[in-house]
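Written out below as structure tokens is the structure these notes cover.
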Amino acid sequence: MKKEKLLLFSVGIEIMLIICIALANLNPTPVLYFLFYNLMYGLIFSFFIPLYYLHKKKELPASVGIKKLGIQQFIVLACFVAFSVGGQLIPKIAAGEQIPWHLLPMGIAPLIMTTFFEEFLFRGFVQSRVEQQFGWLPAILVSGLMFSLYHLGYPGFRTFGDILLLFGVGLWFAIAYRLSGNNLIVSYFVNLPNAFVTYILKYSQFPIMKFSSTIAAIITLILIGLTALKMPRNDYGE
């Protein structure tokens, strides 16, 4: 993908993500939320469109970071999870605050789904291609910026402070991806526990997680899995 097309694609996708998420939260009935969030934001703009490009260019799974794990990847994963999760939980536990773990079960499937879309698009697709065209530092900055700005679609994260904080979080995930040798599995499992902890600590800022959200997320994950089965399997990187 040429530099100009890559930049236009990134901006266009980012705008569509914000619009779809905003529409999903404007009138969050189960049907409309599934349409604008799971289908439009998730499957179409975050997954199918990048996947179509990969198929058209005959690029292999390793080009979006689907690679084998080695010692380096496990070390990066362990360090980043320890700092991100521990950095949020340890101060609150030390202060004697109650952690609302009971909120987590309803958010598990939706957060597994959303984390996949974030990592596949922002890290596996965009960051990898920006790095090819502009270098690793611009790639990290673009990946982090796109991660933060797409949260403008969520009503609970539209303050300058939240967006700035999410930019830092996005940089954290992007750096983990880079240090792991651009391994999507590492960035995914750095993001996921962080998403779980952030949800239980800041649940009021998230869309309300209901049983219908879990069902919709499970259906979406099944569709992702069925699509992944058709991906070429002859090179998953080293």
Can a donor-acceptor pair be found between the side chains of [X] and [Y] at a distance below 3.5 Å?
{"X": "Arg129", "Y": "Ser10", "result": "no"}
{"X": "Asn183", "Y": "Gln72", "result": "no"}
{"X": "Tyr33", "Y": "Ser212", "result": "no"}

Heavy-atom side-chain proximity of [X] to [Y] below 4.5 angstrom:
{"X": "Leu184", "Y": "Phe120", "result": "yes"}
{"X": "Leu179", "Y": "Phe80", "result": "yes"}
{"X": "Asp162", "Y": "Gln205", "result": "yes"}

Item checked: Tyr53 and Phe125: CA distance, side-chain angles, deciding distance, side chain to side chain contact (heavy atoms under 4.5 Å, CB included) verdict -> CA-CA 10 Å; Tyr53 170 84; Phe125 190 82; 3.4 Å; yes
Next item on the list: Look at atom CG of Leu226 and say whether more than 12 heavy atoms of other residues, nucleotides or ligands are closer to it than 6.0 Å.
Entry: yes
Note to self: For the OH atom on Tyr203, are there more than 12 heavy atoms of other groups (residues, nucleotides or ligands in this structure) within a distance under 6.0 Å?
What the structure shows: no
Next item on the list: Scan for side-chain hydrogen bond (donor to acceptor under 3.5 Å, both in side chains) pairs involving residues 107-125, sequence neighbours excluded, and state none if there are none.
Entry: Tyr37-Thr114, Glu118-Tyr150, Glu118-Asn191, Glu119-Arg123, Glu119-Ser187, Glu119-Asn191, Arg123-Ser143
Item checked: Met106 and its side chain to side chain contact (heavy atoms under 4.5 Å, CB included) partner, picked from Ile208, Thr214, Leu111 -> Thr214
Next item on the list: Could you grab the distance from atom CZ of Phe117 to atom CD1 of Ile44, nearest 0.5 Å is fine?
Entry: 10.5 Å
Note to self: Quick check on ring pair (Phe, Tyr, Trp, His ring centres under 6.0 Å): which of Phe167, Tyr177, Phe173 does Phe147 satisfy it with?
What the structure shows: Phe173
Margin query: Classify the ring geometry of Phe116 against Phe47: parallel below 30°, tilted from 30° to 60°, perpendicular beyond 60°.
Written below: perpendicular
Margin query: Using the rule given for side chain to side chain donor-acceptor pair (under 3.5 Å), can you reason through Gln127 versus Asn182, listing the C-alpha separation, both sets of side-chain angles and the distance that settles it, and then say yes or no?
Written below: CA-CA 9 Å; Gln127 184 171 334; Asn182 289 10; 4.8 Å; no
